[in-house]
Amino acid sequence: MVFNTGAALLDAIVLAVVSRETEGTYGYKITQDVRKAIDVSESTLYPVLRRLQKDECLEVYDRSYDGRNRRYYKVTEKGMAQLNLYKIEWKNYSSKIQDIFEGGVGV
């Protein structure tokens with residue numbers, strides 16, 4: 001992707017990906033799902049997950065998988081509220097950009 005991804009957009013994408021799984025999902029799968037939309041490294045993604053956890057948008061728990069613990073992330077009520085705000089903001093923002101691309105907004 002040629003456009004830079006800001007922190008808010010990355011937070012929104014991560015919250016959207018995690019919110020699709022009612023029981024939560026684990027870090028590697030989150031990375032793979034986010035990569036379907038944007039190119040992001042694990043070293044970029046894990047600080048985002050920690051920040052969202054610190055901001056109480058995600059809760060974290062461990063579950064045993066093949067003899068080892070796997071860390072799972074689940075969206076909280078606060079995280080869902082934040083995601084809904086991001087969705088509204090994205091719809092407004094992308095609509096304005098689309099208007100400019102299509103020549104509908106006078107400069």
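Nothing fancy with the numbering, it's 1 onward along the sequence.
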Quick one: pull up CD in Gln53 and OH in Tyr73 and give me the separation to the nearest 0.5 Å. 7.0 Å
Between Tyr93 and Trp90, what is the ring plane arrangement, given parallel below 30°, perpendicular above 60°, and tilted in between? tilted
Run the numbers on Ile100 and Lys96 for side chain to side chain contact (heavy atoms under 4.5 Å, CB included), then give the verdict. CA-CA 6 Å; Ile100 290 171; Lys96 289 176 184 177; 5.6 Å; no
Test your reading of the model: is there a side-chain donor-acceptor pair from Thr44 to the backbone of Val40, 3.5 Å cut-off? no
Side-chain heavy atoms under 4.5 angstrom apart, residues restricted to Ile, Leu, Val, Met, Phe, Trp, Tyr: same cluster for Val60 and Val14? yes
In sequence, state the C-alpha distance, the side-chain angles, and the governing distance for Asp62 and Tyr72, and then conclude on side chain to side chain contact (heavy atoms under 4.5 Å, CB included). CA-CA 6 Å; Asp62 291 334; Tyr72 280 76; over 6 Å; no
Could you tell me if the side chain of Ile38 sits less than 4.5 Å from the side chain of Leu10, heavy atoms only? yes
How many angstroms lie between CZ in Arg20 and NZ in Lys29, if you round to the nearest 0.5 Å? 6.0 Å
Do Tyr26 and Tyr46 belong to the same hydrophobic cluster, where Ile, Leu, Val, Met, Phe, Trp and Tyr are linked whenever their side-chain heavy atoms lie under 4.5 Å apart, directly or via other members? no
So which atom in Leu83 and which in Ser19 form the shortest heavy-atom distance, rounded to 0.1 Å? CD2-OG, 3.5 Å
Path from Leu9 to Ile97 over hydrophobic side-chain contacts below 4.5 Å: yes
Look at atom CZ of Arg71 and say whether more than 12 heavy atoms of other residues, nucleotides or ligands are closer to it than 6.0 Å. no
Identify the two heavy atoms, one from Gly79 and one from Leu15, that lie closest to each other, and give their separation to 0.1 Å. O-CD1, 3.9 Å
How many angstroms lie between atom CD of Glu59 and atom NZ of Lys78, to the nearest 0.5 angstrom? 13.5 Å
Please check if the side chain of Thr76 supplies one atom and the backbone of Glu56 the other of a donor-acceptor pair under 3.5 Å. yes
Are the side chain of Lys74 and the backbone of Tyr61 linked by a donor-acceptor contact shorter than 3.5 Å? no
Can a salt bridge be assigned to the pair Lys36 and Asp33 using a cut-off of 4.0 Å between side-chain N and carboxylate O? yes
Rounded to the nearest 0.5 angstrom, the CZ-OG distance for Arg35 and Ser41 is 7.0 Å
Hey, does the side chain of Thr25 reach the backbone of Glu21 with a donor-acceptor pair shorter than 3.5 angstrom? no
Nearest 0.5 Å, please: how far is CD1 in Ile30 from CG in Leu45? 6.5 Å
In terms of side-chain geometry, is the basic nitrogen of Arg51 or Asp11 positioned less than 4.0 Å from the acidic oxygen of its partner? yes
Treat each ILVMFWY residue as a node, draw an edge where side-chain heavy atoms are under 4.5 Å apart, and state whether Tyr86 and Met80 are in one component. yes
Atom CZ of Arg68 and atom CG of Asp66: how far apart are they, to the nearest 0.5 Å? 7.5 Å
